[in-house]
**Student:** 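Please find one structure pasted underneath; my questions will follow.
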Amino acid sequence: MKIERVERIKKTTAVHLAMEAKEALKKITEDFPDNPDTMGYFYSLLHKFYIQGEMPNDCSEVIGTMCIQVPEELIYASGARPVRICSGSYVYDQTGAEFMHAKSCSLVKATLGMLNIKNMPFKDSLSAIVVATTCDQKKKAASMLEDIGYKTYVLEMPSIKDSEEARVYWQSSVKNFAAALEDMSGNRITKKGLSEAVMKANRARAEFRRFNNLRKGAHNLIYGKDAFVVANGYFFDKIEHWTDALAKLNAELEQREAKGVCVANKHAPRILFTGSPAIFPNLKLPLLIEQSGGVIVADEMCSSSRLLYDPISFDEGNLYDMIPAVADRYLKPCTCPCFVKNDDRKRKLKEMAKEFGVDGVVYQAFSGCNPYEMEHKAIAKMLETEGVPMLYIETDYSPEDTGQLSTRVEAFMESIKNRKRSKLQRGIS
Amino acid sequence: MRKIRELVYSADINRFRLYSQVVAFGLLMYGGYLAIDLGANLPTFACAFVGDGRGGTCYLYPLQHQLNMPLAQFIGGRGVAFLTGLITFVLFFMLFNKAWCGFACPLGTIQDWTTKLRSRLGIRYSAYSERTFHGLIKIKYVLLVLLILLSLGMSNAVPGIGKLSEDFMTPYCMICPGRTVLPLFNGDIKQLVVDFSSKTKLTLTALGMAVTGTFFVGAFAKKRFFCLFCPMSALQYIFSKAGLLRLIKDGSKCTKCGNCSRVCDMGIREIADDVVSKNILQDDCMMCFKCVAACPEEKCLDVRFLGLPVFSSTEQGFFKRMEGKVKDEN
């Protein structure tokens, strides 16, 4: 009886997820003109993963990762493939709500909801889940996952990143993780394997930086929703394939730049998106921004730029230097709000606003996500002194608030357009 | 022009430095045979004990001799000689700033070779904790003050002690690993002795031998081990703000990723953590520019000579160098 019920829930959620994903993908592809041809690869990635429920490219062993502080290079070097399991699905948010308290954030609820139903495309090859001790909800999720029956590895992370002690603690924590990966996979992490993994990941980051650089120009070559789709594909795609596909997209964008093709006129408000991550299918807020005439030119989020920006550099090609180098990359430049002091995030946003010629910032905070909610005042204050307007939006995965949000977003876009116009007129007179 | 700049910024600075070190080593150790003499006021360890083969002389040697005179004589001919020496030293130094350490110093070069050997053998390096580091960096100033006071003490009576014995002649050289190690490259092993002729000499030369041993062991365990204690480095740092070659940091571009600090042979943390200072040159920096090569942020770290760009961190350069590095390793 019980098994039957579980099977039924599995089936219905699969159908609902496919519907939810289909609708989101349709909005992304059909509501906007001028999608780059090479975006096709990334659209089909999402289609395959979320609608057909299949993994792109076969893989024998998957290690699920929660949070961007889990070092991918070590997982690659141990012969497995890291898959970021954070979910953006409202359907899973609802299944998670059945056993989690109401104030949990949508992301954690959805992720646990998904893992509880065990319907993911990679369910058969998933050997373990790694949870970094970032925010409270992720921490508590770790023991809940164990209760569900997953092999869970808790990656200990300090909540301060600037001190020497934190760095030493983190480096030894990552070293332990490497040893645990060797035990789990039965493969040794070698100097050759790790340096190749570093290179593989660095190549992806180099390509992502090229992509971001193309978005810096005054011509709006591509919409932000596509950038989020690209980054989302990185969660589960084979990294080499992903890098190649992004290289093709970059080449197409370079052609667009040469030809002067753009997706929105140059007076369109240029938006920097930050805060709680926008993970497919929940691109509700980004889509609203771009439907209201804005263009997201940059983001500071753990589902996109924060995930893909920083490369690794090591000095000596031996494990004793490479593993700490990998560790440093995942702690020192990280701007996750779970850290006690996070001036780096402020500095990063300030620099990004300048570099990308941003007209306004949209700050998304999921209800229940304390770190982002608490940090928003400080960010707003910093941006105010910089003269950059910010829109703070508290939301979740449910589509209910779409109408209300769209009014606020439209008003924000209008105010930016007015600002731009009056600035332009002042410039002329 | 842009193409050339791109090429330079993507260059493998470590390889360039290796070549430069080899050339400088040859010049300073064997230049004398080609009648090259860069003078006696060089801001680097071109050791005076190397003999006629050397292409110049370390300033610490004449400095200690010049300081060995009665204070009254500093106003006079000998004082002028002292000043000329100091000014020549400062001018030489200003030209390349601390890059003398990273690109020319023979003792530094030997330590780098030792490091290469260790790395090839796959043996882990050691590093100081932040607190130990900040404690140790003061030692070189103590050595510098001792070097000056002991030299002065031979010609000027100290109340209660009197004049120091002439056995204290060039006290720092007596314990410097340059004196014992560098002549070896000219086949001269005479300096590898303990002098029993007097108590002072016995102490100094025995200490010198101990330092020599520590020099090799230390350099094998810790990158650029000796440089942290080098009184030449202390003397240089006094003038380094006036250097023509500069290391500039644009803190707004820094992500604090720590790449620069981790590749730093000296273990300087401020290069990563300080996002305020523009002139980022630190006390123990040897201007090897490994930090610039390891920085992935466009123009975050910048090397300038008289304000003109020489070398700079770039995204493109960073990724190219890392590709090369991984290829070399495999």
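Proteins come first, then strands; the chains are lettered A, B, ... in the order of their sequence lines, and each starts at number 1.
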**Student:** Where does Asp328(A) contact chain B at under 4.5 Å (heavy atoms): side chain, backbone, both or neither?
**Tutor:**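 Its backbone and side chain both get close to chain B.
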**Student:** Examine Lys98(B) relative to Tyr237(B) and say whether NZ or CZ is less than 6.0 Å from the centre of the six-membered ring and inside a 45° cone about the ring axis.
**Tutor:** no
**Student:** Angle between ring planes, Phe185(B) versus Phe25(B), binned at 30° and 60°: parallel, tilted or perpendicular?
**Tutor:**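 Phe185(B) and Phe25(B): perpendicular rings.
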**Student:** What are the residues of residues 99-113 of chain B, in order of number, with any heavy atom under 4.5 angstrom from a heavy atom of chain A?
**Tutor:** none
**Student:** Could you tell me if the side chain of Lys223(B) sits less than 4.5 Å from the side chain of Arg118(B), heavy atoms only?
**Tutor:** yes
**Student:** Nearest 0.5 Å please: distance from the CD atom of Glu386(A) over to the CD atom of Glu351(A).
**Tutor:**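 Result: 10.0 Å between the selected atoms.
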**Student:** Indicate yes or no: at least one non-hydrogen side-chain atom of Phe311(B) is less than 4.5 angstrom from one of Leu301(B).
**Tutor:**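 No, their side chains stay 4.5 Å or more apart.
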**Student:** Non-hydrogen atoms of chain B under 4.5 Å away: do they reach the side chain of Lys348(A), the backbone, both or neither?
**Tutor:** side chain
**Student:** What are the residues of residues 333-345 of chain A, in order of number, with any heavy atom under 4.5 angstrom from a heavy atom of chain B?
**Tutor:**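 When heavy atoms of chain B are the reference, residues 333-345 of chain A contributes Pro333(A), Asp344(A) within the under-4.5 Å range.
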**Student:** Between Phe177(A) and Val70(A), is any pair of side-chain heavy atoms under 4.5 Å apart?
**Tutor:** yes
**Student:** Out of Met322(B), Arg262(B), Lys325(B), return the one with the most heavy atom pairs under 4.5 angstrom to chain A.
**Tutor:**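 Sorted descending by pairs with chain A, the first entry is Arg262(B).
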**Student:** At under 4.5 Å between heavy atoms, what parts of residues 271-279 of chain B are in contact with chain A? List them by residue number.
**Tutor:**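 Checking residues 271-279 of chain B against chain A gives Asp273(B), Val275(B).
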**Student:** Select one option (side chain, backbone, both, neither) describing which atoms of Asn14(B) are under 4.5 Å from chain A's heavy atoms.
**Tutor:**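 When you check distances to chain A, no heavy atom of Asn14(B) falls under 4.5 Å.
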**Student:** Given heavy-atom pairs under 4.5 angstrom as the criterion, report whether the side chain, backbone, both or neither of Tyr125(B) touches chain A.
**Tutor:** both
**Student:** Just checking Phe96(B): does its CZ atom have more than 12 heavy atoms from other residues, nucleotides or ligands closer to it than 6.0 angstrom?
**Tutor:** no
**Student:** Could you check whether any side-chain heavy atom of Arg209(A) comes within less than 4.5 Å of a side-chain heavy atom of Asn212(A), counting everything from C-beta outward?
**Tutor:**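 A side-chain contact under 4.5 Å is absent here.
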**Student:** Among Glu196(A), Lys350(A), Lys332(A), which residue has the highest count of heavy-atom pairs closer than 4.5 Å to chain B?
**Tutor:**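 If we count pairs closer than 4.5 Å to chain B, Lys332(A) comes out on top.
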**Student:** Rounded to the nearest 0.5 Å, what's the gap from CD on Glu254(A) to CG on Leu249(A)? Could you check?
**Tutor:** 10.0 Å
**Student:** Sub-4.5 Å heavy-atom contacts with chain B: which residues of residues 307-317 of chain A show up?
**Tutor:** Tyr309(A), Asp310(A), Pro311(A), Ile312(A), Ser313(A), Phe314(A), Asp315(A), Glu316(A), Gly317(A)
**Student:** Assert yes or no for the condition that the ring centre distance of Phe208(A) to Tyr234(A) is strictly below 6.0 Å.
**Tutor:**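 No, the ring centres sit 6.0 Å or more apart.
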**Student:** Are Phe273(A) and Tyr363(A) close enough, and set up right, to give a ring pair (Phe, Tyr, Trp, His ring centres under 6.0 Å), and what steps lead you there?
**Tutor:** CA-CA 6 Å; Phe273(A) 198 88; Tyr363(A) 193 123; 9.3 Å; no
**Student:** Can you measure from SG (Cys227(B)) to NZ (Lys140(B)) and round to the nearest 0.5 angstrom?
**Tutor:** 10.0 Å
**Student:** Carefully, step by step, assess Ile75(A) and Thr65(A) under the rule side chain to side chain contact (heavy atoms under 4.5 Å, CB included).
**Tutor:** CA-CA 10 Å; Ile75(A) 299 177; Thr65(A) 66; 3.7 Å; yes
**Student:** So which of Glu355(A), Lys191(A), Lys192(A) has the biggest tally of heavy-atom pairs under 4.5 Å with chain B?
**Tutor:** Lys192(A)
**Student:** Check whether the side chains of Ser304(A) and Asp299(A) place a donor and an acceptor atom closer than 3.5 Å, and report yes or no.
**Tutor:** yes
**Student:** Where does Lys327(B) contact chain A at under 4.5 Å (heavy atoms): side chain, backbone, both or neither?
**Tutor:**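 Neither part.
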**Student:** Could you walk me through whether Tyr330(A) and Glu73(A) satisfy the side-chain hydrogen bond (donor to acceptor under 3.5 Å, both in side chains) test, starting with their C-alpha distance in whole Å, then the side-chain angles of each, then the deciding distance to 0.1 Å, before giving a yes or no?
**Tutor:** CA-CA 11 Å; Tyr330(A) 285 90; Glu73(A) 289 81 357; 2.7 Å; yes
**Student:** For the interface with chain A, which of Gly251(B), Gly258(B), Ser252(B), Cys295(B) has the highest count of heavy-atom pairs at distances below 4.5 Å?
**Tutor:**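 Of Gly251(B), Gly258(B), Ser252(B), Cys295(B), Ser252(B) has the most heavy-atom pairs under 4.5 Å with chain A.
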**Student:** To the nearest 0.5 angstrom, please state how far the CD atom of Glu300(A) sits from the CD1 atom of Ile379(A).
**Tutor:** 7.5 Å
**Student:** Less than 4.5 Å to any heavy atom of chain B: does that hold for the side chain of Asn213(A), its backbone, both, or neither?
**Tutor:**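 It is the side chain, since no backbone atom gets that close.
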**Student:** Would you say the side chain of Leu228(B) lies within less than 4.5 Å of the side chain of Ile139(B), judging by non-hydrogen atoms?
**Tutor:**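 A side-chain contact is absent here, since even the closest heavy-atom pair is not under 4.5 Å.
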**Student:** In terms of heavy-atom contacts, does NZ of Lys354(A) have more than 12 from other residues, nucleotides or ligands at under 6.0 Å?
**Tutor:**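 No, because the 6.0 Å sphere around NZ of Lys354(A) holds 12 heavy atoms or fewer from other groups.
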**Student:** Please classify the contact between Arg269(B) and chain A as side chain, backbone, both or neither, with a heavy-atom cut-off of under 4.5 Å.
**Tutor:** side chain
**Student:** So how far is it from Ile248(B) CD1 to Arg304(B) CZ, rounded to the nearest 0.5 Å?
**Tutor:**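 Taking CD1 in Ile248(B) and CZ in Arg304(B), the distance rounds to 7.0 Å.
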**Student:** Picking from Ala293(B), Ala294(B), Ser129(B), Pro296(B), which has the most non-hydrogen pairs under 4.5 angstrom with chain A?
**Tutor:** Pro296(B)
**Student:** Glu6(B) and Lys3(B): salt bridge (charged side-chain N to carboxylate O under 4.0 Å, His left out), yes or no, with the steps?
**Tutor:** CA-CA 5 Å; Glu6(B) 239 169 50; Lys3(B) 276 263 158 67; over 6 Å; no
**Student:** Side chains of Ile68(A) and Arg306(A), heavy atoms from C-beta outward: is any pair under 4.5 Å?
**Tutor:** yes
**Student:** Side-chain contact, heavy-atom cut-off 4.5 Å: Tyr128(B) with Lys222(B)?
**Tutor:**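 They are in contact (side-chain heavy atoms under 4.5 Å apart), so the answer is yes.
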